[in-house]
Amino acid sequence: MKMKDIPTAYDPHTVEEKWYRYWLDNGYFTPEIKPEKTPYTIVIPPPNVTGALHMGHALDNTIQDVLVRYQRMQGNPTLWLPGMDHAGIATQARVEADLAQQGISRWELGREKFLDRVWEWKEQYGGQIIGQLQRLGASCDFSRERFTMDEGCSQAVREVFVSLYERGLIYRGNYIVNWCPQCHTAISDIEVEYEDSGGYLWYVRYPLADEDGYITVATTRPETILGDTAVAVNPRDERYGHLLGKEAVLPVVGRRLPIIADYYVDPAFGTGAVKITPAHDPNDFEVGQRHGLDQISVIDLDGKMTAEAGKFRGLDRYQCRQQLVQELKAGGYLVKAEDLVHAIGHCSRCNTVIEPLLSKQWFVKMKPLAEPALEVVKGGQITFVPKRFTKIYCQWVENIRDWCISRQLWWGHRIPVWYCHDCKAEIASREDIDYCPACGSNNIYQDPDVLDTWFSSALWPFSTLGWPEQTNDLAYFYPTSVLVTGRDIIFFWVARMIFMALPFMNEVPFRDVFIHGLVLDAQGRKMSKSLGNGIDPLEVIEKYGADTLRFMLITGSVPGHDLRFQWERVEATRNFANKVWNVARLALLNLDDFDPGEIDVSTLDFILADRWIRSRLGTVRDQVVAFIEDYDLGAAARTLYEFIWDEFCDWYVELAKLRLYGDQVKERRTAQYVIWEVLECTLRLLHPFMPFITEEIWQHLPGSGESIMMAPYPEAAIRRDRVAEEEFSLIQEVVRGIRNARAEINVPPTRKARVIIQADARAVSLLTETAPYLKSLAWASEVVPGPIRGEKPAQAVSFITDGVEVYLPLADLVEMEKEIARTQKEITAMEAEIKRSERMLSNRGFLAQAPAKVVEKERQKEVAYKDKLVRLKERLSSLQGKQ
RNA sequence: GGGCGGAUAGCUCAGCGGGAGAGCACCUGCCUUACACGCAGGGGGUCGUAGGUUCGAAACCUACUCCGCCCACCA
């Protein structure tokens with residue numbers, strides 16, 4: 001297709017699919033292992049199989065894709081390894097919900113058949129998100145795609161579990177866990193979300209057993225009274241010293257409770273006396289351990305009262321609370337109920353109120369793993385970006401508690417432990433076993449529970465590269481270069497990967513951790529299903545294209561900060577894409593007869609504008625590189641935006657048109673060359689951010705290769721030309737001045753005007769040289785440069801800048817009063833500036849302590865201002881004289 | 001109870017020691033043969049409050065106010 005036939009507005013739809021397929025078909029996403037080169041590796045934060053692409057993913061993966069495409073172009077063997085997470089609870093719940101529609105429960109189906117259904121579901125509906133990532137342009141190596149439940153990952157899980165078990169770092173025990181009565185499983189501490197809510201603090205009298213009187217305790221969960229086995233006070237609390245060793249009687253139940261002393265009790269809270277329920281509170285559990293108290297479980301796995309609750313048996317925990325409070329009141333035990341706002345734990349998955357209860361579960365002992373994991377971060381082997389996340393990580397790791405890893409689910413990695421019915425042996429094994437290695441019995445069974453999903457995620461950076469096998473991939477691509485993720489999973493995932501990598505790989509899992517913010521809605525709220533305020537990235541891609549979505553997300557992002565999604569910004573970015581498209585059209589329309597391969601650069605005749613834009617391009621390239629290396633992708637993208645739109649399109653291209661459309665061959669060649677050079681180079685700089693449009697245009701350019709994504713990244717080859725930048729800025733000043741003067745008196749662009757310029761010799765020669773360009777940029781009929789002392793037209797609008805006086809003799813349009821007023825206003829402004837400058841330069845502190853450069857700059861300003869003031873005054877008196 | 005982030009033009013946000021910036025919105029001209037998803041020009045801000053450091057502070061320090069996150073076993 002000829003460029004001339006291409007529409008004036010960029011249409012992403014036809015382009016994106018075509019090029020993505022092309023990249024895929026050519027295997028560009030699969031790196032070549034080159035031992036002499038340093039690889040660049042990112043493993044994707046595996047999205048849930050049940051998941052669909054949301055804005056957070058779009059941002060997270062765009063960032064990764066920018067980094068990866070940048071590195072690939074730099075010539076580093078680059079691997080971005082994709083994959084998915086089996087997402088235990090989420091997936092199981094999903095399939096159970098489908099079954100429920102057919103009136104089937106998983107229990108009816110049985111474990112094996114249920115799991116078959118889950119796998120079926122996974123094959124059929126799971127993993128849509130991978131296709132959605134492709135729509136985004138993600139350049140993952142799909143030949144290496146992994147799944148946390150695939151063969152290799154499962155092997156890694158077994159190896160790690162058994163190995164930790166053998167080292168005594170995984171143990172099984174009866175402890176208080178966070179139990180979700182809805183999901184029917186234990187969950188880890190970080191899966192509990194605390195939320196402040198209003199409740200009551202009930203004060204209850206426990207009568208003393210062998211004498212008159214009572215001791216009053218306070219509780220927020222009266223139903224747990226049924227499980228009380230002691231009352232505790234602080235040993236230093238004089239109010240209660242005389243009661244120590246005595247007993248109280250539990251109201252309603254009648255059980256005798258010892259009154260014990262424990263430093264856990266805060267004398268200042270409530271009454272200073274605490275009821276102790278070892279089976280339903282983690283602190284009470286510990287108190288119970290210290291004092292050898294009974295553990296009485298009164299709430300069961302459904303959140304209902306157990307037989308131990310006596311007549312309350314079978315009641316829901318909240319019904320029981322109500323009834324018990326009534327009874328306490330009736331019996332005269334209830335002293336009062338105070339309003340109390342306190343944090344209540346909810347299941348992060350289903351939002352049900354968590355019930356702490358006693359349960360036999362598997363745990364990972366964290367302290368021994370945490371120590372090295374803290375050191376590698378403090379020692380700088382892993383760097384968090386932005387830095388402040390280091391502190392968040394460290395504080396959490398320092399206060400870490402053991403990790404409950406068993407889940408009462410079916411979908412997940414089944415715990416590789418078998419129990420012998422006969423000899424009661426407990427065997428952790430890397431392979432499935434069918435008889436007891438201790439006693440030879442085949443009367444054994446495997447632990448029914450599965451592991452926390454995050455257990456397998458924690459191994460992701462090395463399990464995906466083949467571990468526990470010593471593969472080439474593992475040897476070459478590990479450790480990974482950077483982990484890109486949101487701050488919400490620092491604890492869930494980032495920390496645990498570090499914990500697990502160190503003992504098994506003896507090496508950090510990644511060098512850098514780049515934390516980005518959340519994508520919020522236009523009002524600044526989290527996007528969530530319940531609020532219904534989420535915006536589907538695919539909708540944006542359909543309407544505006546993937547490049548637009550990507551660039552919008554990147555330019556709007558600042559490392560570690562949240563960003564708001566706004567359709568206005570999407571549109572503005574679409575406009576930018578269109579700008580790029582159209583400047584490319586302009587270029588291509590004029591490059592028909594141009595072949596960069598045939599150009600001998602030394603024969604070209606570069607003019608000021610050429611030297612200026614080439615110099616700027618070099619600077620921009622260096623800035624972009626510096627920003628990317630610093631993970632400030634937003635700044636990199638914004639730099640390119642401004643360069644392309646403001647400098648290349650609005651200044652350079654406008655200037656180049658004259659030569660492009662002119663009949664001087666050499667001039668035209670030069671302009672063609674520079675436009676081609678700058679455009680081609682800029683496209684490569686832009687490619688990591690906007691892969692599709694850049695490829696489409698690049699393929700149309702003469703002399704391009706196979707694919708822009710495999711083209712080398714621009715080198716810092718073009719030297720900066722300060723003279724050109726300085727001289728060009730004078731031209732810009734003059735052009736802007738003329739445009740402004742014309743606008744002041746409403747001269748339509750159709751009316752050309754003579755421009756008379758008076759300046760010093762150097763500026764005159766510069767402006768003479770560039771006169772044709774001034775004409776075209778500032779709608780001039782003629783540009784007449786001359787020395788300062790020349791004739792100054794009276795009936796004219798004028799302005800003075802950088803030692804240059806400019807007159808537009810538009811006699812019929814000039815109103816002398818307005819001209820005088822304008823000039824006077826400028827004089828006033830200039831006098832103020834001079835005053836400010838003089839004040840600074842007469843300040844001894846400034847002269848003595850400010851850097852010489854700054855002082856010098858200020859001196860130059862003062863001189864320029866004074867010069868300008870003199871000229872303005874001359875101009876004023878001349879105007880007044882002619883009036 | 002601790003910790004972190006934010007407060008800059010009407011809106012959304014950059015800037016983070018040397019004279020206040022962008023996009024959108026607004027006003028005035030323009031369909032100038034790449035682009036009206038555009039071009040040119042313009043208006044608009046005591047940079048949350050109060051102190052301090054400095055020759056110089058939107059930027060650094062301290063306190064405070066408001067918004068938003070995160071962590072924490074006071075029953």
Side-chain angles (χ1 to χ4, degrees), chain A residues 3 8-10 176 189-190 194 201 217-221 224 232 264-266 268-271 273-277 281-286 340 342-343 345 356 386 388-389 391-392 395-396 399 401 487-488 490-491 517-518 520 522 524-526 544 555-556 558 560-564 566-569 571-590 634-635 638 641-642 646 649-650 653-654 657 661 735-736 739-744 746-750 776-779 833 836-837 840 843-851 853-855 857-858 861:
Chain A
M3 206 64 196
T8 61
Y10 173 60
I176 296 282
D189 292 342
I190 51 176
Y194 289 90
L201 184 61
V217 300
T219 181
T220 54
R221 295 188 297 154
T224 63
Y264 151 70
V265 180
D266 175 5
F269 189 88
T271 61
V274 186
K275 59 188 271 318
I276 301 296
T277 321
D281 182 280
N283 295 309
D284 291 8
F285 175 83
E286 284 174 21
L340 180 76
H342 63 141
R388 64 189 150 87
F389 291 104
K391 201 169 144 192
I392 294 174
Q395 278 174 0
W396 187 73
N399 297 304
R401 296 162 61 193
R487 60 161 164 272
D488 47 336
I490 293 177
F491 305 147
L518 266 43
L520 309 173
R525 301 168 304 179
K526 257 187 197 174
Y544 294 91
T555 49
V558 178
H561 285 216
D562 294 344
L563 80 127
R564 295 191 194 195
Q566 294 174 110
W567 284 105
E568 303 84 74
R569 288 205 54 247
E571 269 179 46
T573 310
R574 183 270 319 266
N575 294 351
F576 173 67
N578 195 238
K579 193 73 187 175
V580 173
W581 180 251
N582 273 290
V583 76
R585 281 186 72 233
L586 178 277
L588 287 160
L589 287 169
N590 292 285
R638 277 176 248 129
Y641 178 103
E642 281 161 24
D646 301 345
C649 293
D650 288 348
V653 168
E654 288 308 318
K657 278 177 182 174
Y661 299 153
V735 169
R736 279 196 271 256
R739 286 169 173 172
N740 171 270
R742 290 175 56 108
E744 289 275 343
N746 288 318
V747 190
T750 41
S776 83
L777 290 183
W779 310 287
E833 285 304 302
R836 191 195 59 80
S837 212
M840 274 178 90
N843 180 335
R844 281 190 198 177
F846 178 71
L847 294 176
Q849 285 178 261
K853 244 189 355 204
V854 176
V855 176
K857 203 172 138 199
E858 200 55 43
K861 276 193 234 166

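Each chain gets a letter, A, B and so on, in the order the sequences are listed, and its residues count up from 1.
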My understanding is that a pair needs two contacts under 3.5 Å, Watson-Crick or G-U wobble. By that rule, which nucleotide pairs with [N]?
| N | value |
| --- | --- |
| B/C11 | B/G23 |
| B/A58 | none |
| B/U32 | none |

When all nucleic acid strands are considered with a 4.0 Å heavy-atom cut-off, which category describes [X]: base, sugar-phosphate, or nothing?
| X | answer |
| --- | --- |
| A/Y661 | sugar-phosphate |
| A/D650 | sugar-phosphate |
| A/Q566 | sugar-phosphate |
| A/A9 | base |
| A/D266 | base |
| A/K861 | base |
| A/P851 | base |
| A/R401 | sugar-phosphate |
| A/R844 | nothing |
| A/E642 | nothing |
| A/V747 | nothing |
| A/R736 | sugar-phosphate |
| A/Y194 | nothing |

- prompt: In whole Å, what separates the C1' atom of B/G5 from that of B/G43?
  reply: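 34 Å, rounded to whole Å.
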
Using only side-chain N and O atoms of [X], determine if any of them is under 4.0 Å from OP1 or OP2 of [N].
| X | N | value |
| --- | --- | --- |
| A/Y641 | B/G21 | no |
| A/R569 | B/U12 | no |
| A/H561 | B/A14 | yes |
| A/R564 | B/C13 | yes |
| A/K391 | B/C4 | yes |
| A/K657 | B/C35 | no |
| A/N740 | B/G42 | yes |
| A/N575 | B/G38 | yes |

task: Please evaluate the base of B/A34 for a donor-acceptor partner in the side chain of A/E654 within a cut-off of under 3.5 Å?
output: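 Yes.
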
message: For a quick check, tell me whether the side chain of A/R585 and the base of B/C35 share a donor-acceptor pair closer than 3.5 Å.
response: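 No.
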
- request: Please report, rounded to the nearest Å, how far the C1' atom of B/G6 is from the CZ atom of A/R487.
  value: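 Distance, rounded to whole Å: 11 Å.
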
message: Rounded at 0.5 Å granularity, tell me how far CD1 in A/I190 sits from CH2 in A/W396.
response: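 With rounding to 0.5 Å, CD1 (A/I190) is 5.0 Å from CH2 (A/W396).
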
query: Can you name the closest pair of heavy atoms from A/K579 and A/C649 and give their distance?
result: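 Nearest heavy atoms, A/K579 then A/C649: CE-CB, 3.7 Å.
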
